[in-house]
Peer 1: 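Mind looking over this structure? Questions follow.
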Number of protein chains: 2
Amino acid sequence: MALDTASLRSRAVESIPSPSLHEGGLFAGCPELVGSPFAYARDEEIYGEGEEAEFVYRVTSGAVRTYKILGDGRRQITGFHLPGDLFGFEPGEVHTHTAEAISETKVLMVRRRQVARAAATRAEVACQLWSVAASGLRHAQDHMLLLGRRSAVERVAAFLMDVDDRLGATGTFDLPMTRRDIADYLGLTLETVSRTVTQLESDGALLRAGGRRVSLRRGRMRRAIEA
Amino acid sequence: MALDTASLRSRAVESIPSPSLHEGGLFAGCPELVGSPFAYARDEEIYGEGEEAEFVYRVTSGAVRTYKILGDGRRQITGFHLPGDLFGFEPGEVHTHTAEAISETKVLMVRRRQVARAAATRAEVACQLWSVAASGLRHAQDHMLLLGRRSAVERVAAFLMDVDDRLGATGTFDLPMTRRDIADYLGLTLETVSRTVTQLESDGALLRAGGRRVSLRRGRMRRAIEA
DNA sequence: CGACACTTTGAATTATTTCAAGAGTGGTGG
DNA sequence: CCACCACTCTTGAAATAATTCAAAGTGTCG
């Protein structure tokens with residue numbers, strides 16, 4: 001199950017950064033779409049729902065959350081975006097969600113119009129956009145299954161394994177986001193997330209070391225989901 | 001909240017098909033992508049999760065559900081697809097969900113490779129693919145908010161209003177799918193859906209006439225959601 | 001009419017939430 | 001270097017929304 005919605009980056013790309021990252025381009029083989037660097041502070045808004053979608057972004061460092069929010073404050077995070085991930089490029093004129101930096105974050109940004117223009121003339125660019133959107137769609141559908149049909153333990157376990165995968169699948173990592181962010185991503189409360197992590201720990205599916213560091217026992221993790 | 005990328009179309013829309021349907025093409029302005037007609041019986045599988053994604057489809061009549069299912073039978077319907085809607089075209093080699101006809105259904109199908117080839121050479125085709133995928137993504141994100149953060153009444157009310165919209169917003173229509181399908185789309189049980197419809201009726205937000213016919217009082221409906 | 005599938009309703013159960021304290025962590029400044 | 005503050009995380013107990021199990025009602029179609 002994929003953590004986020006619009007991510008081009010494969011696991012391999014994590015540890016062996018993609019050429020496009022080194023080139024500084026938003027899209028591989030697109031010298032005209034280099035992108036301007038920009039930085040955001042923790043919790044700073046990158047764009048808001050309803051605003052004109054002027055730019056598209058690629059994370060170079062840090063992390064971003066995108067979410068939708070209801071009038072009474074209920075929030076659903078639709079994706080976490082890590083270095084290498086693209087976000088914010090929808091074909092519509094207006095952003096359909098809000099994006100915020102989770103921590104100090106650097107991005108590359110390109111005008112949406114430039115991308116649209118490149119896509120209109122170069123089939124390969126348009127194909128890249130298609131495949132990015134389609135992989136986002138795949139992730140979104142996996143997440144629908146999680147939100148609609150999985151229990152709290154299953155959600156948390158799947159989430160932790162997914163984060164591990166994206167961070168190199170070493171089994172040990174620091175969670176980059178708060179319990180509240182996790183809860184709002186998994187459709188739970190922060191207390192339930194906390195309790196569930198505790199439960200997984202006492203089931204021997206993971207170990208915790210101060211702060212947000214965890215070590216997963218993937219085998220037991222999977223068993224914990226079944227049980 | 002959109003019911004789907006591929007949504008419920010009214011009988012009216014069926015009788016006044018879109019231009020592209022008349023052309024018989026899967027994509028507007030693509031004579032090479034005409035598509036072969038094919039028919040499926042009620043509950044017949046069109047393709048299964050994990051199968052090679054050989055074709056892409058456009059519904060010409062009837063209705064299709066696409067879903068993911070867990071080992072123990074828990075099912076999440078990710079979309080209902082109605083006449084005019086495209087489905088089944090993912091850039092990957094393999095279908096990530098199952099598609100079934102909800103009722104007698106006719107489709108046009110085209111080999112995925114043909115589409116991929118057309119997209120590779122014609123930017124406008126690739127752009128169409130992008131925008132179809134992106135609108136699916138938008139829908140998926142709205143649905144995530146519904147699944148992760150909305151109550152049963154809110155889910156059902158939003159669903160009913162969405163169906164009404166797609167059936168011409170007349171306020172009165174027949175639900176084309178079973179309670180179980182609705183439940184599996186909304187992440188609820190069929191009993192909860194049933195109870196919730198009853199509750200909305202006694203709140204004066206809708207009227208029921210035998211079978212699956214309902215008349216919405218949109219104003220009260222919205223108030224029922226708030227209360 | 002009778003069979004069958006779908007829907008409604010009821011009562012008991014349960015997973016998750018809510019409300020309410022504490023405990024841990026990290027940063028800042030005295 | 002320690003004390004303190006703000007923030008996040010954990011834990012407990014009570015409340016609740018939704019589920020589960022069970023049965024009866026409704027409609028449809030041969």
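Order of the sequence lines fixes the chain letters, A, B, ..., with proteins taken first and strands second; residue numbering starts at 1 for each chain.
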Peer 1: Does A:Ser151 place a side-chain N or O at less than 4.0 Å from the phosphate oxygens OP1/OP2 of C:dA15?
Peer 2: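 Result: no.
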Peer 1: In whole angstrom, what separates A:Gln199's CD from D:dC9's P?
Peer 2: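 One finds 19 Å between P of D:dC9 and CD of A:Gln199, rounded.
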Peer 1: Please determine, for the side chain of B:Glu191, which listed nucleotide (C:dT16, D:dT10, D:dC21) has the closest atom?
Peer 2: D:dC21
Peer 1: Atom CZ of A:Arg150 and atom C1' of D:dT19: how far apart are they, to the nearest Å?
Peer 2: 18 Å
Peer 1: Can you measure B:Leu200 atom CG to C:dT9 atom P for me and round it to whole angstrom units?
Peer 2: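 Taking CG of B:Leu200 and P of C:dT9, I get 13 Å after rounding.
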Peer 1: Before we go on, tell me: are the rings of B:His139 and B:His143 under 6.0 Å apart, centre to centre?
Peer 2: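 For B:His139 and B:His143, the ring centres are under 6.0 Å apart.
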Peer 1: Find out whether the Lys NZ or Arg CZ of A:Arg75 is both under 6.0 angstrom from the six-membered ring centre of A:Tyr67 and within 45° of the ring's axis.
Peer 2: yes
Peer 1: Could you state the CZ-P distance from A:Arg74 to C:dT17, rounded to the nearest angstrom?
Peer 2: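 It works out to 13 Å between those atoms.
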Peer 1: From D:dC9, C:dC19, C:dC6, pick the nucleotide closest to the side chain of B:Arg42?
Peer 2: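 The listed nucleotide nearest to B:Arg42's side chain is C:dC6.
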Peer 1: Just call it for B:Thr192: base, sugar-phosphate, or nothing, with non-hydrogen atoms closer than 4.0 Å on any strand.
Peer 2: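 Result for B:Thr192 = base.
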Peer 1: Could you state the CD-C1' distance from B:Glu154 to D:dA17, rounded to the nearest angstrom?
Peer 2: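 Those two atoms, CD and C1', are 12 Å apart.
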Peer 1: Go through C:dT7, C:dC19, D:dT10 for me and flag the one nearest to the A:Leu190 side chain.
Peer 2: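 It is D:dT10.
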Peer 1: Decide ring pair (Phe, Tyr, Trp, His ring centres under 6.0 Å) for A:Tyr57 and A:Tyr47; before the verdict, give the C-alpha distance in whole Å, the side-chain angles of both, and the deciding distance to 0.1 Å.
Peer 2: CA-CA 11 Å; A:Tyr57 306 80; A:Tyr47 56 78; 5.7 Å; yes
Peer 1: What is the minimum heavy-atom distance between B:Glu154 and B:Arg149, and which atoms define it?
Peer 2: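 Looking at all heavy atoms of both residues, the closest pair is OE1-O, 4.4 Å.
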Peer 1: Looking only at the side chain of B:Arg195 (C-beta and beyond, no hydrogens), which of the listed nucleotides C:dT16, C:dT7, D:dT19 gets closest?
Peer 2: D:dT19
Peer 1: B:Thr189 has a side chain; which of D:dA18, C:dT8, D:dT19 sits nearest to it?
Peer 2: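 Ranking D:dA18, C:dT8, D:dT19 by closest atom to the B:Thr189 side chain puts D:dT19 first.
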Peer 1: Can you figure out which of C:dT16, D:dG12, C:dC6 approaches the side chain of B:Arg212 most closely?
Peer 2: C:dC6
Peer 1: Rounded to the nearest angstrom, tell me the gap between atom CG in B:Asp43 and atom C1' in C:dC6.
Peer 2: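 Spelled out: CG on B:Asp43 to C1' on C:dC6 is 13 Å.
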Peer 1: Measure CZ/A:Arg180 against C1'/D:dT8 and give the value in whole Å, please.
Peer 2: 11 Å
Peer 1: B:Arg208 has an atom CZ; how far is it from atom P of C:dC6, in whole Å?
Peer 2: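 The distance from CZ of B:Arg208 to P of C:dC6 comes to 17 Å, rounded to the nearest Å.
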Peer 1: For the side chain of B:Arg155 and the backbone of B:Leu186, is there at least one donor-acceptor N/O pair under 3.5 Å apart?
Peer 2: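 Flag set: sc B:Arg155 to bb B:Leu186 pair under 3.5 Å.
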Peer 1: Kindly point out which of C:dT16, D:dC9, D:dT19 is positioned nearest to the side chain of A:Leu188?
Peer 2: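 Comparing C:dT16, D:dC9, D:dT19 against the side chain of A:Leu188, the answer is C:dT16.
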Peer 1: Under 4.0 angstrom, heavy atoms only, what part of the nucleic acid is A:Ser194 near: base, sugar-phosphate, or nothing?
Peer 2: base
